[in-house]
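Quick notes on the structure that follows.
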2 protein chains.
Amino acid sequence: MVTIKEVAQIAGVSIATVSRVMSNSDYPVSPQTREAILQVAEDIGYSPNRAARSLRTERSSLIGVILDNFSSQWAPIIIRGIQDILHNSGYFTLVVNIPWEKYSQADVVQDMLGHSVDGFIFVETWHPVRERRDMLNNRPYVIVHRLFHESDPYSIIPDERQNSALVVQHLLALGHRKIAYIAGDERYFSSAQRLNTYLDTMRAAGIEVGDGWIVQGEWQVPSGYQSAKRILAAVQKPSAIVAANDGLAYGALLAVQDEGLRVPEDVAIVGYDDHEISRFANPTITTVTLPLFLMGQVAAENLLCQLQTSEREYAEQLIPGELIVRQSCGAPEGRAVYARDYARDKMDASS
Amino acid sequence: MVTIKEVAQIAGVSIATVSRVMSNSDYPVSPQTREAILQVAEDIGYSPNRAARSLRTERSSLIGVILDNFSSQWAPIIIRGIQDILHNSGYFTLVVNIPWEKYSQADVVQDMLGHSVDGFIFVETWHPVRERRDMLNNRPYVIVHRLFHESDPYSIIPDERQNSALVVQHLLALGHRKIAYIAGDERYFSSAQRLNTYLDTMRAAGIEVGDGWIVQGEWQVPSGYQSAKRILAAVQKPSAIVAANDGLAYGALLAVQDEGLRVPEDVAIVGYDDHEISRFANPTITTVTLPLFLMGQVAAENLLCQLQTSEREYAEQLIPGELIVRQSCGAPEGRAVYARDYARDKMDASS
DNA sequence: CAAATTATAGTAAACGTTTTCTATATTTCT
DNA sequence: AGAAATATAGAAAACGTTTACTATAATTTG
């Protein structure tokens with residue numbers, strides 16, 4: 001590999017000058033010299049040895065990205081958002097998945113610090129990092145899509161309240177009054193937020209929630225199926241069901257159809273998360289899409305900001321999602337014919 | 001950060017000795033000394049400075065992973081397989097997505113070499129790397145899920161022929177003789193392989209392919225829909241349709257049902273790739289699953305092997321997939337009731 | 001016009017490792 | 001027992017940068 005020394009020799013200058021040019025230092029270098037050095041560097045294909053630079057500056061242009069669950073439907077998109085920003089700023093990411101607590105987060109952080117990462121991004125993490133900040137060796141961090149209950153000023157999370165309000169208000173706007181709710185896994189703090197928003201929105205609309213309209217589910221399809229069956233057995237049958245995510249919504253859809261009822265004519269259904277299942281269900285399911293790519297971008301930008309300016313006030317950042325109106329809610333936009341809806345699909349090409 | 005010097009001082013030995021212990025050198029160090037050093041290192045939380053080590057050894061414990069399309073349904077799983085192996089061997093990965101040729105592959109490779117990566121893994125790449133091997137600076141590389149036509153000895157790819165034979169033979173075993181085929185996007189070399197395997201298998205079974213039974217599609221749902229319509233208009237109607245991927249299969253499913261025919265009673269359908277859509281379609285679609293995680297693991301192991309032993313004979317490595325029998329083919333195993341099938345689902349939990 | 005200032009460049013010391021070479025005990029061999 | 005071999009440890013040079021310090025030429029100032 002070609003080094004700074006060779007560039008200096010060929011350009012007829014000292015290595016200090018070359019260094020100043022190559023590292024974009026604000027130390028003054030005459031335009032001609034700079035130009036000449038850049039030309040030589042280009043010609044002989046010089047690129048700085050990061051290890052040497054990192055050794056000297058204690059910065060690495062590496063950002064540690066720690067995931068609790070790479071297999072989730074969200075993680076890859078968030079990561080792409082993160083990388084989109086970081087690569088453009090000359091950073092690489094060290095992405096590590098920490099499944100089943102196989103490695104402890106502390107060990108991974110330690111390893112990454114060994115590589116002198118300049119900062120950390122935690123994605124969908126269950127582990128509060130604030131109190132462990134010392135283990136980060138004073139490196140800045142950001143959390144995207146936080147899964148633990150406590151608040152953290154360096155978090156980028158979906159605006160659950162606004163998003164949940166969106167779906168409930170949509171049903172209200174369509175004239176529904178008897179709206180049931182299938183909640184998500186209690187262990188996730190987003191479950192409570194979504195449920196509470198439903199309750200708040202109903203209260204704000206002056207509607208009383210009927211007996212048996214709220215069922216505690218988990219996140220998966222079977223749970224949605226069973227929950228919907230219970231709801232349909234309520235004294236007063238609802239005309240719409242809000243599910244805390246698309247898996248539950250799809251399960252509910254099957255249950256409703258199993259009972260011989262039509263969706264959306266007899267029972268409207270809305271989900272949350274814009275899972276692929278909602279695009280392919282029959283009927284297609286109205287849902288809320290989370291701006292995951294954007295969240296990743298914002299996280300990366302926040303981190304870059306912290307890296308540049310030392311101190312600033314930070315606060316939890318809420319990113320709003322978007323209502324995707326499809327067929328299951330009975331709104332006119334949702335009544336697209338199958339073929340038309342599919343034509344819009346961006347299903348990934350096969351190998 | 002604590003350095004080797006401090007460890008040496010506290011342990012009362014030279015830095016050379018500490019280095020030999022910490023880097024697992026095979027240079028002899030007495031057991032007592034080794035033990036003492038490890039104890040001190042543990043106590044004061046020493047971990048080697050990778051930049052310094054890397055500067056000296058010209059190795060970084062970093063592997064560059066270059067993707068053409070992170071958004072594909074396969075990439076994240078392959079990456080997890082890669083990381084599963086590499087992390088256990090003390091490597092981190094520099095994962096970079098190269099979308100829309102925004103960055104050229106050569107530039108990314110160059111940047112990664114700046115970070116002294118020890119090797120490269122190309123995932124789902126369209127770019128032949130063999131002839132550009134010099135740009136890799138003699139670093140070893142492996143390709144997973146290669147998308148270009150030419151063969152490359154350092155490739156880990158699905159055994160398309162065996163997989164495709166699997167589905168066709170399955171239909172033959174079920175008694176089908178009139179089997180039509182919807183091909184995938186011609187630009188992918190796997191398309192030709194899958195189609196040819198279908199032709200070979202039919203020929204081997206002594207069955208003539210009817211007029212209009214083969215339609216050139218692309219990969220998406222609408223294309224499957226249109227292709228199936230064409231097939232159903234053939235003089236001699238087939239009793240089964242093989243689609244080159246699940247998107248096409250799903251489109252075909254809709255088309256068949258649109259014509260008032262039943263799947264699988266009137267027309268059996270099988271797909272390929274085990275896309276999520278096939279688990280949620282009605283009926284669920286029989287397909288072939290690719291061992292993506294395994295492919296990632298094998299790729300990583302191959303690379304590690306190259307890193308250890310300098311030279312060896314390599315050859316393209318084919319990894320077989322598995323037939324997933326569901327409802328759309330009419331086989332008994334596929335006749336599971338909805339609820340039972342969903343219960344098996346591992347749909348990811350929501351946040 | 002001399003002095004002070006500025007612009008630009010070079011020198012050399014770090015950064016924290018690994019590793020070659022050298023040194024000293026300790027063991028083994030004849 | 002003396003020589004040779006071995007086991008173990010330390011000294012010091014290198015790896016390729018950045019940067020504080022020093023040096024010189026060019027410019028500005030009074």
Item checked: Pair B:Gln39, B:Asp43: side-chain N/O donor-acceptor within cut-off below 3.5 Å -> yes
Notebook entry, point to check: Per the end-axis method with five pairs at each terminus, what is the bend angle of the helix from C:dC1-D:dG30 to C:dT30-D:dA1, to 10°?
Noted result: 30°
Notebook entry, point to check: Do B:Ile66 and B:Thr125 touch side chain to side chain, with heavy atoms closer than 4.5 Å?
Noted result: no
Checklist line | Heavy-atom side-chain proximity of B:Ile98 to B:Leu67 below 4.5 angstrom | finding: no
Notebook entry, point to check: Picking from A:Asn302, A:Ile82, A:Ile156, what satisfies side chain to side chain contact (heavy atoms under 4.5 Å, CB included) with A:Ile121?
Noted result: A:Ile82
Checklist line | Rounded interatomic separation in angstrom, taking CD1 from B:Ile37 and P from C:dT17 | finding: 13 Å
Note to self: Could you tell me how far apart B:Ile15 (CD1) and D:dA14 (P) are, to the nearest whole angstrom?
What the structure shows: 15 Å
Check: Is the centre of the B:Tyr188 ring less than 6.0 Å from the centre of the B:Trp126 ring?
Finding: yes
Next item on the list: Can you tell me the distance, in whole Å, between the CD atom of A:Gln9 and the C1' atom of D:dG16?
Entry: 15 Å
Margin query: Once you apply a heavy-atom cut-off of 4.0 Å, does B:Ser25 come out as touching a base, just sugar-phosphate, or nothing?
Written below: nothing
Notebook entry, point to check: What's the CG-P distance between A:Asn24 and D:dT19, to the nearest Å?
Noted result: 12 Å
Check: So do A:Ile143 and A:Ser155 actually touch side chain to side chain, heavy atoms under 4.5 Å?
Finding: yes
Notebook entry, point to check: Whole Å only: how far is the NE2 atom of A:His115 from the P atom of C:dC15?
Noted result: 22 Å
Checklist line | Phosphate contact (D:dA9 OP1 or OP2) by B:Thr17 side-chain N/O below 4.0 Å | finding: no
Next item on the list: Using a cut-off of strictly less than 4.0 Å between a heavy atom of the residue and any atom of DNA chain D, enumerate the qualifying residues of residues 44-56 of chain B by number.
Entry: B:Leu55, B:Arg56
Notebook entry, point to check: For D:dT18, does either OP1 or OP2 sit under 4.0 Å from a side-chain N or O belonging to A:Ser19?
Noted result: yes
Next item on the list: Taking the side chain as every heavy atom from C-beta outward, state whether B:Phe70 and B:Ile79 have any pair of such atoms under 4.5 Å apart.
Entry: yes
Notebook entry, point to check: Can you check the B:Lys5 NZ to D:dA11 P distance for me, whole Å?
Noted result: 13 Å
Next item on the list: Report the residue (B:Ser23 or A:Arg20) whose heavy-atom-nearest nucleotide on DNA chain C is the more 5′ of the two.
Entry: A:Arg20
Item checked: Residue list, ring-ring contact (aromatic ring centres under 6.0 Å, His included) with A:Tyr141, at least two apart or on another chain -> A:Tyr154
Any N/O pairs under 3.5 Å between the protein and nucleotides 22-24 of chain D? List them or say none.
none

Check: OP1 or OP2 of C:dT17 less than 4.0 angstrom from a side-chain nitrogen or oxygen of B:Thr57, does that happen here?
Finding: no
Next item on the list: Check every atom of C:dA12, D:dG10, D:dG16 against the side chain of A:Thr3 and return the nucleotide holding the closest atom.
Entry: D:dG16
Next item on the list: Using whole Å, report how far CZ of B:Arg59 lies from C1' of D:dC15.
Entry: 13 Å
Under 3.5 Å, which donor-acceptor pairs link side chains of residues 89-96 of chain A to any protein atom two or more places apart or in another chain?
unit_1  : atom_1 : unit_2  : atom_2 : d
A:Ser89 : OG     : A:Ile85 : O      : 3.3
A:Thr93 : OG1    : A:Gln83 : NE2    : 2.9

Notebook entry, point to check: Taking the six-membered ring for Trp, are the ring centroids of B:Phe293 and B:Trp74 within less than 6.0 Å of each other?
Noted result: no
Notebook entry, point to check: Mind checking whether A:Ser23 and A:Arg53 have side chains closer than 4.5 Å, heavy atoms only?
Noted result: yes
Margin query: If the condition is side chain to side chain contact (heavy atoms under 4.5 Å, CB included), which residues does A:Pro28 pass it with, not counting sequence neighbours?
Written below: none
Check: OP1 or OP2 of D:dA9 less than 4.0 angstrom from a side-chain nitrogen or oxygen of B:Ser30, does that happen here?
Finding: yes
